[in-house]
Amino acid sequence: MSPYDLIIRPLVTEKSTALREQGNKVCFVVDQRANRSMIKAAIEETLNVKVEKVHVLNMIGKTKRLNRFEGKRPDWKKAIVTLKAGEKLDLFEG
């Protein structure tokens with residue numbers, strides 16, 4: 001699996017923005033088959049930054065209803081990547 005296939009997209013929410021400002025952490029939506037070491041290698045190779053830690057969360061999709069029909073949003077995996085001190089990611093700069 002290619003490193004470019006592991007990282008699906010950056011996750012930009014209020015909580016991830018606060019984490020980026022406070023603790024030098026960046027959030028990504030990643031492939032469900034990826035593990036911590038694969039995510040760390042993919043981030044370091046594709047974005048040219050040094051990674052200190054990787055936290056991985058399996059997010060369960062919500063069930064939604066519209067009148068009598070019920071459906072489910074897909075499950076996905078979130079990775080919170082802590083960058084080493086002095087590292088900066090220009091992905092979110094304006």
Side-chain angles (χ1 to χ4, degrees):
M1 186 180 288
S2 167
Y4 293 97
D5 295 335
L6 288 179
I7 304 165
I8 297 172
R9 64 183 168 91
L11 187 63
V12 181
T13 60
E14 290 182 21
K15 191 172 187 177
S16 67
T17 304
L19 284 173
R20 188 176 71 238
E21 292 171 356
Q22 292 173 358
N24 204 19
K25 298 179 182 183
V26 184
C27 298
F28 293 97
V29 176
V30 295
D31 191 88
Q32 286 192 331
R33 297 169 289 181
N35 58 26
R36 290 175 201 251
S37 59
M38 292 167 69
I39 294 169
K40 180 178 179 179
I43 296 287
E44 287 181 345
E45 183 178 334
T46 58
L47 301 175
N48 297 323
V49 292
K50 296 293 180 185
V51 174
E52 185 176 338
K53 290 184 195 176
V54 177
H55 292 268
V56 179
L57 296 98
N58 286 314
M59 307 301 288
I60 306 299
K62 295 180 178 180
T63 55
K64 292 290 184 175
R65 280 182 53 142
L66 180 63
N67 297 334
R68 63 186 178 139
F69 301 105
E70 187 171 301
K72 183 177 178 293
R73 290 185 180 168
D75 300 338
W76 53 286
K77 188 177 267 193
K78 175 168 65 172
I80 301 174
V81 178
T82 305
L83 303 176
K84 288 195 176 181
E87 291 289 327
K88 191 174 181 182
L89 192 60
D90 295 332
L91 189 65
F92 301 102
E93 299 300 319

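We count residues from 1, following the sequence as given. Just so it is clear, the values below take in all heavy atoms, side chains as well, and ignore hydrogens, waters and symmetry mates.
- Counting heavy-atom neighbours within 6.0 Å of Glu70 CD, excluding the residue itself, gives a total above 12.
- Checked by atom type and distance alone, the side chain of Glu44 pairs as donor or acceptor with a backbone atom of Val51 at under 3.5 Å.
- Distance check: Lys50 NZ to Glu87 CD gives 7.5 Å after rounding to the nearest 0.5 Å.
- A continuous path of ILVMFWY side-chain contacts below 4.5 Å connects Trp76 to Leu57, so both sit in one hydrophobic cluster.
- The shortest non-hydrogen separation linking Asn35 to Ser37 is OD1-OG, 3.1 Å.
- Between the Asn67 side chain and the Phe69 main chain, no donor and acceptor come within less than 3.5 Å of each other.
- The shortest non-hydrogen separation linking Asp31 to Met1 is OD2-CE, 4.0 Å.
- Under a hydrophobic-cluster definition in which Ile, Leu, Val, Met, Phe, Trp and Tyr are linked whenever side-chain heavy atoms come within less than 4.5 Å, directly or via other members, Ile7 and Val56 are assigned to the same cluster.
- For the atom pair Asn24 CG and Lys84 NZ, the distance stands at 12.5 Å (nearest 0.5 Å).
- In this structure, Lys62 places its NZ atom where only 12 or fewer heavy-atom neighbours from other residues, nucleotides or ligands lie under 6.0 Å away.
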As a quick check of understanding, evaluate side chain to side chain contact (heavy atoms under 4.5 Å, CB included) for Lys64 and Arg73, giving each step before the final call.
CA-CA 7 Å; Lys64 292 290 184 175; Arg73 290 185 180 168; 3.5 Å; yes

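- Inter-residue side-chain proximity for Leu19 and Cys27 is flagged as met; some heavy-atom pair is nearer than 4.5 Å.
- Looking at every heavy atom in both residues, Asp75 comes nearest to Gly61 through OD1-N, 2.8 Å.
- Following chains of ILVMFWY side-chain contacts shorter than 4.5 Å, one cannot reach Leu83 starting from Leu6, and the two form parts of different hydrophobic clusters.
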Audit row: Phe28, Ile43, side chain to side chain contact (heavy atoms under 4.5 Å, CB included) steps and yes/no:
CA-CA 10 Å; Phe28 293 97; Ile43 296 287; 3.6 Å; yes

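- Residues Leu89 and Ile39 share a hydrophobic cluster, clusters being chains of Ile/Leu/Val/Met/Phe/Trp/Tyr side chains in contact below 4.5 Å.
- Rounding to the nearest 0.5 Å gives a distance of 14.0 Å between CD of Glu45 and NZ of Lys40.
- Smallest separation of non-hydrogen atoms from Val54 and Arg36: O-NH1, 2.8 Å.
- Judged by distance alone, the side chain of Thr82 and the main-chain N or O of Lys25 form no donor-acceptor pair under 3.5 Å.
- Listed here is the closest heavy atom pair of Lys77 and Asn58: CE-OD1, 3.0 Å.
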Starting from the C-alpha separation in whole Å, work towards a yes-or-no answer on side chain to side chain contact (heavy atoms under 4.5 Å, CB included) for Val30 and Ile8.
CA-CA 5 Å; Val30 295; Ile8 297 172; 5.8 Å; no

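- Separation of atoms OG (Ser16) and NZ (Lys78) is listed at 8.0 Å; rounding is to 0.5 Å.
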